[in-house]
Amino acid sequence: MKALFSEIRGAVLATLVLAVVCCGLYPLVVFGISQALFRDKANGSLIVDQDGTVRGSKLLAQGFITDKYFHPRPSAAGNGYDAASSGGSNLGPTSQKLSDTIKDRVAAYRKENGLSETEPVPADAVTASGSGLDPHISLRNAELQTPRVAKARGLSEEKVRELVQQNTDGRDLGVLGDPGVSVLELNLALDSPGAQP
């Protein structure tokens, strides 16, 4: 019986030590390192105005629908751009629903941007990303939206193109992926006093 209690005491002591290390010390060390070395990323890469108002995250898309803003990729996250319900539609390439949805989005994109019926539409303008929250659009998508945004704001297309270039993220490590335009940052730049006519 004495040996049994000795085994139980050892197991309980090991459990307590591991609980303190794994549930207390380790998370505190990781939190401390992340705050010291990667503060912006560890806190959500938030975009904050000069007055301290949080406008969003560099990592998450927001829905913009009016003509004076660049529009992000479509979203399948919840009811649209819902970070609490991130995810794709799970519709595959043989899905008739996906095919119909894309056809509708292509027609709507061409109409809102004044494109001809034969003008190619970028894939990212009509398909949702895997998370439904991709904050970037392709340069081609931004180029096609530029005339609409410039007209709605009374700005020159050249000024809008300049803002697009300023809010374009390059390739990762200089070679991976394609450059992408950060829609939220671009729309905030368009709303800034320096961009007004």
Side-chain angles (χ1 to χ4, degrees), residues 1-65 69-93 98 123-125 127-139 141-142 163-192 194:
M1 194 63 147
K2 190 173 182 181
L4 177 65
F5 284 124
S6 177
E7 291 292 327
I8 291 173
R9 185 177 47 220
V12 169
L13 185 60
T15 301
L16 291 175
V17 169
L18 285 172
V20 169
V21 170
C22 296
C23 300
L25 295 177
Y26 178 75
L28 284 175
V29 168
V30 171
F31 177 77
I33 290 171
S34 67
Q35 290 299 311
L37 301 177
F38 311 104
R39 186 171 186 77
D40 181 53
K41 291 180 181 172
N43 292 314
S45 299
L46 299 177
I47 298 172
V48 182
D49 277 349
Q50 293 175 347
D51 64 357
T53 303
V54 175
R55 294 295 178 185
S57 170
K58 295 176 187 175
L59 306 175
L60 300 172
Q62 292 183 17
F64 291 94
I65 55 172
Y69 290 114
F70 282 86
H71 300 170
R73 289 184 75 158
S75 176
N79 291 325
Y81 310 102
D82 180 3
S85 186
S86 173
S89 67
N90 288 336
L91 299 176
L98 178 63
D124 67 300
T127 57
S129 65
S131 68
L133 298 169
D134 188 348
H136 295 90
I137 58 174
S138 66
L139 281 170
N141 190 346
L163 290 170
V164 167
Q165 288 302 316
Q166 291 171 4
N167 291 283
T168 299
D169 297 331
R171 298 171 185 267
D172 291 333
L173 303 174
V175 295
L176 300 175
D178 292 322
V181 179
S182 174
V183 177
L184 176 58
E185 291 180 289
L186 175 57
N187 286 337
L188 289 173
L190 284 165
D191 282 343
S192 69

Rounded distance [0.5 Å steps], OG1 in Thr168 versus CG in Leu139
5.0 Å
If you measure from CG on Asn90 to CG on Leu98, what distance do you get to the nearest 0.5 Å?
11.0 Å
Using the rule given for side chain to side chain contact (heavy atoms under 4.5 Å, CB included), can you reason through Phe64 versus Val183, listing the C-alpha separation, both sets of side-chain angles and the distance that settles it, and then say yes or no?
CA-CA 9 Å; Phe64 291 94; Val183 177; 4.2 Å; yes
Nearest heavy-atom pair of Pro72 and Ala61: which atoms, and what distance?
CB-CB, 4.5 Å
Can you name the nearest heavy-atom pair linking Ala76 to Ala128, along with the distance?
N-CB, 3.9 Å
With His136, the side-chain hydrogen bond (donor to acceptor under 3.5 Å, both in side chains) member among Asn141, Asp124, Asp169, Asp178
Asp169
Could you grab the distance from atom CG of Leu59 to atom CG of Leu46, nearest 0.5 Å is fine?
8.5 Å
Would you compute the distance between atom CD of Gln62 and atom CG of Leu133 and round it to the nearest 0.5 angstrom?
10.5 Å
Would you call Leu188 and Glu185 a side-chain contact if the rule is heavy atoms closer than 4.5 Å?
no
Using every non-hydrogen atom in the two residues, find where Cys22 and Pro27 come nearest and quote the distance to one decimal.
O-CD, 3.3 Å
More than 12 heavy atoms of other residues, nucleotides or ligands under 6.0 Å from CG of Leu16: is that the case?
yes
When rounded to the nearest 0.5 Å, the distance separating CZ of Arg55 from CG of Asp49 is 4.0 Å
About how many Å separate CG of Asp134 and OG of Ser182, when rounded to the nearest 0.5 Å?
10.0 Å
Using every non-hydrogen atom in the two residues, find where Ala189 and Ser192 come nearest and quote the distance to one decimal.
O-OG, 2.6 Å
Specify the closest pair of heavy atoms between Ser131 and Ala77, including all atoms of both residues, with the distance to one decimal.
O-CB, 3.8 Å
Taking the side chain as C-beta and beyond, is there a heavy-atom pair between Asn43 and Gln35 under 4.5 Å?
yes
Identify the heavy atoms of Phe70 and Leu186 that sit nearest to each other, and give their distance.
CD1-CD2, 3.3 Å
Say whether, by atom type as modelled, one donor and one acceptor occur between the side chain of Ser34 and the main chain of Phe31 under 3.5 angstrom.
yes
Return yes if some donor-acceptor pair links the side-chain N/O of Arg73 with the main-chain N/O of Thr127 below 3.5 Å, else return no.
yes
Do Tyr69 and Asp191 come within less than 4.5 Å of each other through their side chains, counting heavy atoms only?
yes
